[in-house]
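Presented below is the structure to which this report refers.
Here is how names work: the chains are called A, B, and so on, in the same order as the sequence lines, proteins then strands, and each is numbered from 1.
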2 protein chains.
Amino acid sequence: MADVAREAGVALRTVSRFVNGDATVGEDFADRIRRAIETLDWQPDERARQLRSGRTRTIGAAVRNISDAHPVLRAVDESARAAGLTVVAMSTEDDEEREREAVVSMCRRRMDGIIIEPIAENHGYLQPEIDSGMPVVAFDRPATGVEVDTVLSDNRGGIALAFEHLVRQGHRRIGYIGDDERIYTGHERAVAFHECLRAHCSAATGMVHPGPIDPARIAAALNRLRSDPEPATAILTGNASTTVAVIRQLGGDFGSIALVGFDDFALADLLRPGLTVVAQGEAEIGRTAIDLFQARAADPSRPVQTVTVPTTLIPRGSGELAP
Amino acid sequence: MADVAREAGVALRTVSRFVNGDATVGEDFADRIRRAIETLDWQPDERARQLRSGRTRTIGAAVRNISDAHPVLRAVDESARAAGLTVVAMSTEDDEEREREAVVSMCRRRMDGIIIEPIAENHGYLQPEIDSGMPVVAFDRPATGVEVDTVLSDNRGGIALAFEHLVRQGHRRIGYIGDDERIYTGHERAVAFHECLRAHCSAATGMVHPGPIDPARIAAALNRLRSDPEPATAILTGNASTTVAVIRQLGGDFGSIALVGFDDFALADLLRPGLTVVAQGEAEIGRTAIDLFQARAADPSRPVQTVTVPTTLIPRGSGELAP
DNA sequence: AACTCCCGAGATAACGTTATCTCGTTGCGC
DNA sequence: GCGCAACGAGATAACGTTATCTCGGGAGTT
């Protein structure tokens with residue numbers, strides 16, 4: 001920048017003003033500076049800029065996986081972009097240690113905020129950052145042990161949507177295979193399924209098989225559901241991985257039993273029959289996360305808020321099969 | 001850091017030495033500093049650190065899309081991580097303007113290097129950065145107008161693999177539907193298909209329909225292939241989007257005509273029949289990109305290198321259908 | 001005992017920006 | 001003609017680190 005100033009024959013500070021769009025730079029000076037920048041191929045150093053100004057205009061996103069499709073991340077990125085913010089995403093790979101590394105890295109980079117898809121059992125380690133004014137927004141699951149703004153899917157509503165859809169198709173024995181109940185979403189969805197069973201006790205019975213996602217367990221659960229004296233005529237799966245595992249396990253039998261999956265995924269419509277799913281409002285979740293971040297940044301003392309985003313049932317065939 | 005130094009009763013520089021793992025810090029001093037850091041909840045400022053040391057230990061990855069599945073990005077991230085580097089990925093969204101924004105942002109952040117999946121027609125704008133010693137590695141497509149290290153898939157070999165596989169299944173009329181020939185991979189694969197036709201002229205005839213990926217065009221191409229007096233008995237698609245578009249268009253007819261897709265994608269095995277594909281070596285591409293980056297960083301004057309990564313045929317059923 | 005050498009630690013000067021303060025001009029009202 | 005505000009521009013001091021140089025003192029050598 002000093003070189004540019006010398007080349008243009010102006011003061012260092014004037015180049016800075018020009019770069020920052022300060023209107024107090026005369027047109028003749030601006031021209032000379034423009035030319036000098038061109039000549040020297042100079043670009044401002046973002047690190048120094050951030051260091052001096054104290055703002056990074058960057059928020060960190062600690063998500064489960066960067067490299068897989070991640071519709072929420074896309075929405076976060078777009079909303080942030082629209083607000084003039086840069087998003088730096090890091091993978092936690094479903095690992096507590098990795099999550100922490102990501103968060104530490106974001107803090108060391110003095111990012112303006114953190115959007116996190118929580119993995120760790122306890123997020124107390126975030127407290128010092130929160131206390132020092134770092135806006136933190138959790139999505140998909142609540143962050144345990146700290147109070148932060150949160151965006152969740154309407155897990156219970158989504159399960160109810162699917163359950164009632166199957167009941168409407170005439171199913172009276174519905175099986176549920178879902179994620180580990182120690183995981184928040186796994187717990188919520190299994191509980192919701194139980195509630196549906198209670199609410200429809202006269203109309204439907206059902207079986208629940210939550211646990212870790214692992215082909216062998218899925219296969220066992222599936223076999224139990226189908227080999228029952230009164231076998232299930234419909235299956236509700238608690239997340240995309242489970243859905244896929246169930247479809248793999250069903251093999252050629254896919255289509256012989258009704259199936260509704262919680263969480264949509266790419267190409268689910270290409271299956272035969274098409275896969276009926278409860279879709280989460282990922283775009284809205286992402287947008288809301290950024291909204292909450294901005295609200296918090298604008299007013300650090302506002303009460304923490306939890307937003308629940310509704311789900312939608314997308315019928316594609318597999319959920320409309322008769323018992 | 002000054003606060004930590006005061007709290008620990010040592011000099012600023014000693015805290016710095018401790019943080020950087022300098023062995024010349026005595027154990028008693030180290031203890032006091034550790035305690036002071038703990039007490040004050042201090043974390044070093046990465047921006048200042050980078051500014052002063054001149055190194056960011058960060059490389060930028062400008063890829064087509066962050067939010068969709070991106071196996072190369074995963075490999076890049078993992079290899080970089082293993083080398084103690086952080087990857088910051090940005091989406092180009094297949095847009096020249098966005099690509100340029102991403103690259104500019106990376107330069108302003110003074111990243112140690114750039115890994116790019118080139119979109120722009122001309123990458124001459126990278127020349128000043130390259131000249132100033134910024135290592136740049138392109139993958140998937142070459143960067144036009146500049147000489148940089150490059151990692152490519154063996155597009156021609158992959159098309160040949162698929163073509164010969166179909167010929168071996170007895171197909172004599174094979175159609176090709178691919179991407180726009182103005183795009184490098186679209187061009188390479190279409191040319192390779194033509195070469196295969198020439199090489200097998202006695203054994204096979206075929207039709208080529210490259211162009212932009214758009215459902216209407218795919219439908220038209222497909223109809224032409226199938227309504228020919230001597231219709232195609234097998235189709236080879238030039239990339240994943242085309243493959244998916246073709247499968248959508250085929251609808252219930254999927255499985256009535258042999259299909260091999262270039263580029264694998266998640267859940268292709270769930271289709272009935274399973275989708276036979278030519279898989280690219282994404283993990284190796286990613287690893288190689290990081291290798292080339294490191295080699296260039298270590299020796300800026302080394303000659304630029306282009307590495308071609310082989311492809312593999314994965315038979316899953318759709319490509320093994322008889323004519 | 002004098003000399004060198006090395007080692008652990010501190011003082012000071014950058015790194016490339018922006019914030020703050022200062023200063024000389026100019027324009028305008030009275 | 002004077003004062004005063006407004007304005008455009010420059011000088012200088014940070015921001016939070018690390019690089020370089022300096023220095024005191026203890027161990028080893030002759």
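Under a cutoff of 6.0 Å and an axis angle of 45°, Arg296(A) and Phe293(A) do not form a cation-pi pair. In this structure, Arg34(B) fails the cation-pi test against Phe18(B), since its NZ or CZ atom is not both closer than 6.0 Å to the six-membered ring centre and inside 45 degrees of the ring normal.
Using a 4.0 Å heavy-atom cutoff across all strands shown, Arg17(A) reaches at least one base atom of the nucleic acid. Using a 4.0 Å heavy-atom distance criterion, Glu27(A) is classed as making no nucleic acid contact. Nucleic acid contact for Val19(B): none, since no nucleic acid atom lies under 4.0 Å from a heavy atom of the residue. As judged by a 4.0 angstrom heavy-atom cut-off over every strand, Val25(A) is placed among residues touching the sugar-phosphate backbone only. Backbone-only engagement by Arg49(B) is indicated by non-hydrogen atom pairs under 4.0 Å involving sugar-phosphate atoms exclusively. Contacts of Ser16(A) with the nucleic acid, taken as non-hydrogen atoms under 4.0 Å apart, include base atoms.
Between the P atom of dT20(C) and the CG atom of Leu12(A) lies a distance of 17 Å, rounded to the nearest Å. We find that CD of Glu46(B) is positioned 17 Å from P of dG16(C), with the value rounded to whole Å. One can place CG of Asp45(A) at 5 Å from P of dT17(C), the figure rounded to the nearest angstrom. Atom pair Arg13(B):CZ and dG24(D):P shows a separation of 19 Å (rounding to whole Å applied). Separating the CZ atom of Arg110(B) from the C1' atom of dG16(C) is a distance of 8 Å, rounded to the nearest angstrom. Taking atom CZ of residue Arg47(B) and atom P of nucleotide dG16(C), one finds them 17 Å apart after rounding to whole Å. Atom-to-atom, CD1 of Ile33(A) to C1' of dG8(D) comes out at 12 Å; the value is rounded to the nearest Å. As a whole-Å value, the separation of Arg109(B) CZ from dG16(C) C1' is 16 Å.
In the set dG16(C), dT17(C), dA9(D), dT17(C) carries the atom at the smallest distance from any side-chain atom of Met1(A). With dT17(C), dT17(D), dA9(D) as the choices, the nucleotide that has an atom nearest any side-chain atom of Trp42(B) turns out to be dT17(D).
Under 3.5 Å, the side chain of Arg55(A) and the base of dT18(C) form no donor-acceptor pair of N or O atoms.
Positionally, the nearest nucleotide of DNA chain C for Val10(B) lies more toward the 5' end than for the other of Gln43(A) and Val10(B). Both Ser53(A) and Arg52(B) lie near DNA chain C, and the one whose nearest nucleotide falls closer to the 5' end is Arg52(B).
At distances below 3.5 Å, not a single donor-acceptor pair connects side-chain atoms of Ser105(A) with backbone N or O atoms of Glu101(A).
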Could you check Asp45(B) against Arg109(A) for salt bridge (charged side-chain N to carboxylate O under 4.0 Å, His left out), going step by step and ending with a plain yes or no?
CA-CA 6 Å; Asp45(B) 187 317; Arg109(A) 282 158 197 259; over 6 Å; no

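The existence of a salt bridge linking Arg57(B) and Glu46(B) is excluded, since no basic side-chain nitrogen approaches an acidic carboxylate oxygen closer than 4.0 Å.
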